[in-house]
Amino acid sequence: MRCSYCERACDIQESQNGYCRMYRNSMGTITENYPDSYLNIYPVSSESIPMLHFYPNSIFLLLSTIGCNFTCEGCISEFQTIRKGTLQDILNHHTPDEILAIARGYACRGITFCLNEPTVSLPTFLKVAQAAKKEGFLVGCSSNGYMTEATLQMMLPYLDFVNIGLKGSTDERYRECGAVSAVPTYRNLKTLYDAGVAVEVSVMYLNGRELEVIGAAERISVISRSIPFQVMRFMATHENLEPIAPTRAQGEQLCADLRRYFDHVYLFNTCATTELDSRCPVCGKTIIHRVFFGPMAARVLSCPSDGKCSCGYHFPFRGEIDPIFEGEVQILGGYRSIMGMQFISKILGTLGVTDERVIDRICNTVIENGYISNF
Ligand code: SF4
């Protein structure tokens, strides 16, 4: 039985799982393994999805499940994508109505599937997206864009916004992540843009692979130079990955080069950079000032309420700009729960605990008993 949710097109034998381990063949039907089950549910700002030109500074309810159809080296979500076999027991089951009640409680404008790939939980995504649209919420996700055309057509009626995470521009680079080619992702990106969905792209930048990012810029700028282009500077999660992490200066230089292709280019995963700001392409002044807020996330520190530059240029964005958060920020930035798990794993390693099953059991316990939230 072939799974048609993503372009891996797994051939799944009876009672077996597909590559992502999120679907199985159950008596001739491809069935979702963990329906309506979530690992993370918490409020984030649009800049932590990240969407920088869509309802700036607004709050969305982040939802994540587990699993992925890619296996990228140094994935920041490794804990919930690669080690998913140990996490299924602590997933929280919620009906779509319960999810929307949580979203209302945090005064969210919408919901967003982030941190792992929504395609591997498509029936769950569609159910909650449909309920959310009916209740007037905005709906979107971050995705690697590797779903089939049929899957994308199922998602399209519900999508207001999408951040497509690109691995690079060549088939060779996509094969490093376990995919066959880059073609489906770029095809889907164009379909989303043509359908009027607010699209931003984030491109992984590995040291020495500048041409992959430039190649992505060349392909996307053909669609439109107004698409916000986010450079995700690779962050090493292990010491042996440090050689492939570019420096801040390299990231900033690449952003300068990319301005040939786009009106707005951003550098993520980088402390103390001004490359997260939105600058006026006419006079060069800063319109929105943002700072690093954890992996793949930014936080707005200043922004004119109408998004207008003093020279008259209108910062291009959809929706409304919400006021800057005052005092203690009640929302979480990028990948906080995952970073917390990584800290705990490292501390256990320092204490001499190396058995992955023991580490996973402890991590599961601190998620389950709520300790990780405070941590
Ligand atoms: S969604 Fe999962 S099971 Fe289906 S084709 Fe993709 S990797 Fe395979």
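Comment: Glu32 does not engage Lys127 in a salt bridge, judged by the lack of any side-chain N to carboxylate O separation of less than 4.0 angstrom. We find that Arg318 and Asp160 are not joined by a salt bridge, their nearest charged nitrogen and carboxylate oxygen being 4.0 Å or further apart. With salt bridges taken as basic N to acidic carboxylate O contacts below 4.0 Å, none links Arg175 and Glu172. Looking at Glu7 and Arg187, a side-chain N of the basic residue comes within less than 4.0 Å of a carboxylate O on the acidic one, giving a salt bridge.
At least one donor-acceptor pair closer than 3.5 Å links the side chain of Asn116 to the backbone N or O of Ile66. Using modelled atom types, no side-chain atom of Ser121 and backbone atom of Pro118 make a donor-acceptor pair closer than 3.5 Å. Judged by distance alone, the side chain of Thr119 and the main-chain N or O of Met147 form no donor-acceptor pair under 3.5 Å. Between the Glu135 side chain and the Phe137 main chain, no donor and acceptor come within less than 3.5 Å of each other. Put simply, the side chain of Thr270 never gets that close to the backbone of Arg248: no donor and acceptor are under 3.5 Å apart. The backbone N or O of Ser64 lies less than 3.5 Å from no partner atom in the side chain of Asn40, so there is not a single donor-acceptor pair. With hydrogens and angles ignored, the 3.5 Å screen pairs a side-chain donor or acceptor of Asp277 with a backbone N or O of Arg290. Looking only at distances, a side-chain donor or acceptor of Asn269 sits under 3.5 Å from a matching main-chain atom of Met296. Checked by atom type and distance alone, the side chain of Asn144 pairs as donor or acceptor with a backbone atom of Tyr146 at under 3.5 Å. Judged by distance alone, with hydrogens and angles left aside, the side-chain atoms of Thr273 form a donor-acceptor pair with the main-chain N or O of Glu275 at under 3.5 Å.
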Inset, instruction - Report the C-alpha separation of Gln16 and Asn25 in whole Å, then their side-chain angles, then the decisive distance to 0.1 Å, and conclude whether the side chain to side chain contact (heavy atoms under 4.5 Å, CB included) test is met. - result: CA-CA 6 Å; Gln16 299 297 305; Asn25 178 349; 5.8 Å; no
Inset, instruction - Kindly indicate, with the supporting measurements, whether the criterion side chain to side chain donor-acceptor pair (under 3.5 Å) is fulfilled by Tyr38 and Thr124. - result: CA-CA 10 Å; Tyr38 301 90; Thr124 293; 5.5 Å; no
Inset, instruction - Begin from the C-alpha positions of Ser202 and Phe268 and carry the test side chain to side chain contact (heavy atoms under 4.5 Å, CB included) through to its verdict. - result: CA-CA 9 Å; Ser202 51; Phe268 278 74; over 6 Å; no
Inset, instruction - Assess whether side chain to side chain contact (heavy atoms under 4.5 Å, CB included) is satisfied between Arg209 and Arg173, documenting all intermediate values. - result: CA-CA 9 Å; Arg209 309 296 285 275; Arg173 173 72 190 114; 3.7 Å; yes
Legend entry - Residue pair Leu122, Tyr23: steps toward the side chain to side chain contact (heavy atoms under 4.5 Å, CB included) verdict: CA-CA 10 Å; Leu122 191 76; Tyr23 299 109; 3.5 Å; yes
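Using bins of under 30°, 30° to 60° and over 60° for the plane-to-plane angle, the ring pair Phe60/Phe54 lands in the tilted bin.
Linking Ile, Leu, Val, Met, Phe, Trp and Tyr residues whenever their side-chain heavy atoms come within less than 4.5 Å places Leu52 and Ile324 in a single cluster. By the criterion of side-chain heavy atoms lying less than 4.5 angstrom apart, applied directly or through intervening Ile, Leu, Val, Met, Phe, Trp or Tyr residues, Ile111 is grouped together with Leu156 in one hydrophobic cluster. No continuous path of hydrophobic side-chain contacts links Met27 to Met1 [ILVMFWY only; heavy atoms under 4.5 Å]. Cluster membership for Val180 and Leu166, using ILVMFWY side-chain heavy atoms within less than 4.5 angstrom, is shared. Taking hydrophobic clusters as Ile, Leu, Val, Met, Phe, Trp and Tyr residues chained together by side-chain heavy-atom distances below 4.5 Å, Leu211 does not share a cluster with Val203.
Every pair passing salt bridge (charged side-chain N to carboxylate O under 4.0 Å, His left out) that includes a residue from residues 188-198 is listed here, sequence neighbours excluded: Lys190-Asp194.
Considering only heavy atoms from C-beta on, Ile49 comes within 4.5 Å of Phe161 through its side chain. Contact check for Asn69 versus Met22: no side-chain heavy atoms found under the 4.5 Å cut-off. Between Lys285 and Ser310 there is a side-chain heavy-atom pair separated by less than 4.5 Å.
For the 3.5 Å distance criterion, the side chains of Asp263 and Ser226 fail to qualify, holding no donor opposite an acceptor. Side-chain contact check for Thr31 and Thr29: no donor-acceptor pair (N or O, by modelled atom type) lies under 3.5 Å. Using modelled atom types and a 3.5 Å distance limit, the side chains of Glu212 and Thr170 yield a donor-acceptor pair.
Minimum interatomic distance between Arg21 and Asn17 (heavy atoms only, all atoms of both residues): CA-CB, 4.0 Å. Closest heavy-atom contact between Ser48 and Ala298: OG-O, 4.0 Å. Contact record, Leu159 with Val197: O-CG2, 3.7 Å, taken as the closest heavy-atom pair.
Here the two rings, on Phe229 and Tyr261, have centers that are 6.0 Å apart or farther. Side-chain rings of His53 and Tyr266 approach one another, their centers coming within less than 6.0 Å.
A cation-pi contact links Arg219 to Tyr186, judged by a cut-off of 6.0 Å to the six-membered ring centre and 45° from its axis.
Cluster partners of Val291 are Leu301, counting Ile, Leu, Val, Met, Phe, Trp and Tyr whose side-chain heavy atoms approach within less than 4.5 Å, directly or via other members. When hydrophobic residues (I, L, V, M, F, W, Y) are linked wherever their side-chain heavy atoms come within less than 4.5 Å, Val222 remains an isolated member.
Counting non-hydrogen atoms of neighbouring residues, nucleotides and ligands closer than 6.0 angstrom, the OH atom of Tyr313 exceeds 12 such neighbours.
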